[in-house]
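Comments concern the structure below.
Computed over heavy atoms, backbone and side chain alike; hydrogens, waters and symmetry mates excluded. All values derive from a computational prediction rather than experimental measurement. First listed ligand is number 1; within each ligand, the first listed atom is number 1. Here, residue 1 is the first one in the sequence, and each next residue gets the next number.
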Amino acid sequence: MKTPLEKILRITTAQKNALKKLGIITIGDLLFFFPVRYSDISQVKLIRDIAKGEVVTLYGKLGKLQLRRGFKSRIPMTEAILTDMVGNALKIIWFHQPYLAKMFHEGQTVKLTGTVSESKYGLALTNPEIEHAPDLPIDSHSSLFSDSQHMRVGYPIYRETRGITSKWFYHAIEKILTPDILNQIEDPLPSYILEKYHLPVLRTALVWIHKPQKESDAISARKRFSFQEIFLIQLKKQQSRHIYEEHYAHDISIDHALLEEFIHYLPFSLTDGQRNAIDTIVHDLDSDKPMSRLLEGDVGSGKTAIAAAITHTIIINRPRKQSYGNLQVAYMAPTEVLATQLFENFIQYFKNSGIQIALMTGSGCRKYPSKVNSSGWTTISAIQVKKWITNGEIPIVIGTHALIQKSIKFKDLALVIIDEQHRFGTKQRMELVHKHGTTPHYLSMTATPIPRTLALTIYGDLDLSVLDSMPPGRKPVITKIVPPTKRNEIYDAIREELKRGRQLYVICPRIVSPDDAQPMTETEWNFLSPQKQMALRMKSVATETKRLQKEIFPEYRIDSIHSKMSKDAKEKTMKKFSEYKTDILVATSVIEVGVNVPNTTMIIIEGAERYGLAQLHQLRGRVIRSEHQAYCWLFTSSSSPTTADRLKAFMKAKNGFELAELDLALRGTGDLAGIKQWGLSDLGMEAIKNLKMVEAARAEAKHIITNDPRLDNSPELSNIIKHEKFQVHFE
Ligand code: ADP
Ligand code: MG
């Protein structure tokens with residue numbers, strides 16, 4: 001049966017599939033497929049005026065269109081010459097887009113947008129976006145510029161995919177932007193909010209975003225939709241928080257004297273930051289509402305000790321109406337390696353307390369203290385641990401996802417701590433919660449530095465605490481920017497450290513090189529930005545491992561790790577490295593956050609220019625855990641002044657959060673570490689740059705949820721936030 005969209009547009013099966021890949025199935029989906037930008041006639045340049053590094057838009061006729069393969073790389077390339085209206089010519093090269101040669105033909109008028117690069121042919125445009133531009137006057141220079149008034153905004157440009165051009169979208173959307181359809185769509189945003197923030201109503205905004213008459217129309221429409229996205233996310237987060245808080249928490253009385261005593265016996269004295277965090281959390285625990293708090297603190301800032309002090313405060317409480325036993329705490333980490341590390345830290349912090357701690361992971365369980373050796377642990381069976389969890393005998397359980405198995409029932413779970421929050425979805429969190437009558441307090445900890453606006457949005461259901469001081473006495477990591485000419489010098493220095501028994505991380509931008517890569521489809525490649533495509537041609541874990549082993553460090557044990565390996569293989573590799581059975585670990589930037597191998601004092605970051613500052617900071621954080629001097633070398637072949645400035649800022653900045661804000665300001669949201677995982681659209685990310693907008697969206701959402709937690713008075717809103725995709729639904 002044909003969908004309403006197919007009926008209106010008469011699309012082919014191939015087009016239907018291509019649309020589906022872009023997530024477009026319904027009329028609503030297509031209406032919410034917004035232009036990535038608008039062609040602006042005033043940006044059009046002549047070839048004689050362009051300079052290397054500039055982003056330019058050029059009009060002209062295509063010539064010498066040909067398909068060939070790179071001489072050495074064998075990469076398929078489409079080449080052409082663009083001749084502009086005054087007769088100058090420019091070389092155009094597209095890598096990995098052989099189909100372009102078929103979609104366009106010689107003599108055709110096109111519009112190209114891209115970055116000017118320098119090739120062996122002189123200046124060139126590499127991987128520019130290309131569009132047919134048949135209806136634009138291009139034969140006379142003056143006519144192009146004189147009549148530009150009514151074209152100020154130009155026409156919308158949509159993300160293209162194989163078989164579907166920007167133009168196709170333009171015409172398809174024109175067909176569905178009819179009063180008939182628009183009148184059937186309910187605006188989810190309450191009118192008082194629209195009025196208060198001067199935002200256009202939905203119908204107007206849809207027309208303005210797709211077919212703006214003036215630049216200001218497009219801007220208002222985009223503002224409305226970015227506000228809407230943040231508002232809807234907030235609404236959902238605020239709602240789940242509200243529902244969470246309708247439950248009662250365990251009754252916890254805080255024994256300040258015993259808390260002080262516990263802190264006193266820690267192997268160090270707490271930093272002011274750690275103190276403040278503990279005070280804030282303890283204050284939360286005093287309430288009968290369950291706590292929902294996120295503790296953000298740089299790698300190495302000492303979050304585990306905070307978790308331990310809080311855990312202790314809770315478990316010395318007796319379960320309700322019981323004169324024996326303890327309340328329980330579950331502490332979850334995203335990997336076995338991390339869980340095991342936390343277990344070991346807790347043993348150190350709870351030494352001599354007589355309190356039992358269990359470790360539960362997929363590959364086995366442990367209990368501390370062991371009956372035979374009161375300062376060590378023993379292995380026990382999962383069945384045994386589960387029994388002790390259920391009858392309340394073990395107060396502290398540390399583990400991986402294994403902790404949220406159906407078969408595990410805590411007797412008196414009073415606190416859930418989650419390390420590296422972003423790896424656990426809200427759903428998993430809720431799972432832990434609802435299984436156990438009374439709602440446990442919830443403390444989430446992360447070392448992923450993100451800007452405050454982003455945190456307020458994606459963690460909208462949590463209160464934020466920031467731990468911004470580091471334990472004293474850390475030697476700063478010696479950080480250096482290394483140009484290609486200095487490579488060997490650094491390798492020599494590394495060899496000296498390896499001889500002294502230290503270890504090294506080598507971070508590469510990608511897993512495999514184009515040669516050994518799974519061939520990417522053209523469409524996939526096409527979706528990548530020119531920067532990404534560049535990155536893909538950079539050093540890979542696979543080839544760099546081979547090269548280091550063969551040419552640079554033949555006498556050392558080298559291993560590699562990356563995200564495409566199975567979880568099991570990854571853990572094994574990490575374990576070997578942490579037990580010093582390998583000297584060098586070559587990895588992508590996704591190696592487990594927070595992994596602690598104190599003997600690793602060196603890190604090389606290849607292609608450093610392509611990482612966000614916050615991400616560089618996190619990578620460097622992996623080598624600050626030791627009493628030995630640590631080093632971080634940023635290998636870069638970029639000589640651009642902006643890169644130099646950014647990397648210098650990195651060497652100076654105090655902490656990850658400062659760097660995350662800098663990133664946002666300097667490079668824009670697209671470069672924030674792992675941005676995809678936050679699930680925001682490009683428009684949503686635009687909003688993240690605007691603190692006022694984020695705060696307003698949050699305040700409005702809070703206001704609505706406080707008065708109407710289940711959104712009984714706003715069925716439209718309620719319906720939208722039930723779905724994953726926060727948009728208006730229209731078949
Ligand atoms: P993270 O915040 O990354 O989880 P950890 O809790 O693992 O950091 O702590 C990092 C290291 O710092 C650990 O070896 C821990 O023992 C040590 N540490 C924590 N707090 C302090 C402190 N106040 N003074 C000195 N060392 C500390
Ligand atoms: Mg930690």
Side-chain angles (χ1 to χ4, degrees), residues 259-260 262-281 293-312 329-351 357 359 361 396 398-400 416-424 443-450 464-477 505 574 578 591-601 603 614-615 617-628 630 654-657 659-660 673:
L259 175 61
E260 283 312 313
F262 182 83
I263 289 172
H264 177 76
Y265 280 108
L266 287 173
F268 37 73
S269 43
L270 293 182
T271 63
D272 290 347
Q274 284 170 316
R275 277 253 162 220
N276 288 339
I278 291 174
D279 287 349
T280 314
I281 296 167
R293 184 167 290 278
L294 172 68
L295 176 62
E296 290 190 279
D298 251 333
V299 176
S301 57
K303 295 185 289 296
T304 321
I306 297 174
I310 296 305
T311 298
H312 183 261
V329 173
Y331 192 171
M332 244 196 319
T335 68
E336 284 189 16
V337 179
L338 278 173
T340 310
Q341 232 160 57
L342 292 175
F343 179 65
E344 277 155 12
N345 288 336
F346 262 53
I347 290 179
Q348 194 192 358
Y349 299 157
F350 280 86
K351 205 165 50 190
I357 309 172
L359 172 71
T361 70
I396 306 176
I398 298 173
T400 54
V416 175
I417 309 177
I418 287 185
D419 221 347
E420 286 315 327
Q421 133 94 23
H422 64 279
R423 306 207 175 193
F424 287 98
L443 175 63
S444 167
M445 304 196 295
T446 179
T448 308
I450 57 173
L464 282 188
S465 295
V466 175
L467 186 56
D468 54 7
S469 53
M470 291 294 264
R474 288 265 162 73
K475 288 189 202 121
V477 180
Y505 291 118
M574 240 13 257
S578 64
I591 53 166
E592 307 306 339
V593 181
V595 159
N596 184 8
V597 185
N599 192 44
T600 314
T601 55
I603 185 163
Q615 208 182 354
H617 178 74
Q618 265 205 310
L619 289 169
R620 178 172 61 180
R622 306 231 160 89
V623 298
I624 57 170
R625 309 258 177 153
S626 161
E627 68 270 23
H628 302 289
K654 281 193 300 293
N655 59 50
F657 300 98
L659 284 166

| So, do Y331 and F343 have ring centers that fall under 6.0 Å from each other? | no
| If we only count heavy atoms from C-beta on, is the T400 to T335 side-chain gap below 4.5 Å? | no
| message | Give the atom numbers and elements of ligand 1 that come within less than 4.0 Å of a heavy atom of Y349. | response | 15 (C), 16 (O)
| task | Taking all non-hydrogen atoms of both residues into account, name the closest pair between D419 and P334 and its distance. | result | O-CD, 3.5 Å
| request: Indicate, as side chain, backbone, both or neither, the part of Q274 found under 4.0 angstrom from ligand 1 when only non-hydrogen atoms are considered. | output: side chain
| Mode of D298 contact toward ligand 1 - side chain, backbone, both, neither (heavy atoms, under 4.0 Å) | backbone
| said: Tell me whether P471 has any N or O atom under 3.5 angstrom from an N or O of ligand 1. | reply: no
| Separation of L342 CG from I357 CD1 (nearest 0.5 Å) | 11.0 Å
| task | Please indicate whether any nitrogen or oxygen in T304 is less than 3.5 Å from any nitrogen or oxygen in ligand 1. | result | yes
| If you count the atoms of ligand 1 from 1 in the order shown, which ones are under 4.0 Å from a heavy atom of T271? | 23 (N)
| Any side-chain donor near an acceptor of the partner, S444 and R293, under 3.5 Å | no
| said: For atom 8 (O) of ligand 1, tell me which residue out of G273, P267, G302, G621 has the closest non-hydrogen atom. | reply: G302
| said: Any nitrogen or oxygen of G300, side chain or backbone, less than 3.5 Å from one on ligand 1? | reply: yes
| said: Determine whether the aromatic ring centres of residues Y265 and Y349 are separated by less than 6.0 angstrom. | reply: no
| query | Which atoms of ligand 1 sit under 4.0 Å from any heavy atom of S269? | reply | 22 (C), 23 (N), 24 (N)
| request: Could you tell me which atoms of ligand 1, counted from 1 in the order shown, lie closer than 4.0 angstrom to a heavy atom of S301? | output: 2 (O), 8 (O)
Using atom types as modelled, flag every donor-acceptor pair under 3.5 Å from a side chain in residues 302-312 to any protein atom, sequence neighbours excluded.
unit_1 : atom_1 : unit_2 : atom_2 : d
K303   : NZ     : G297   : O      : 2.7
K303   : NZ     : D298   : O      : 3.3
T311   : OG1    : A307   : O      : 2.6

| Short N-O contact, K351 and E344, less than 4.0 angstrom | no
| For ligand 1, which part of P598 has a heavy atom less than 4.0 Å away: the side chain, the backbone, both, or neither? | neither
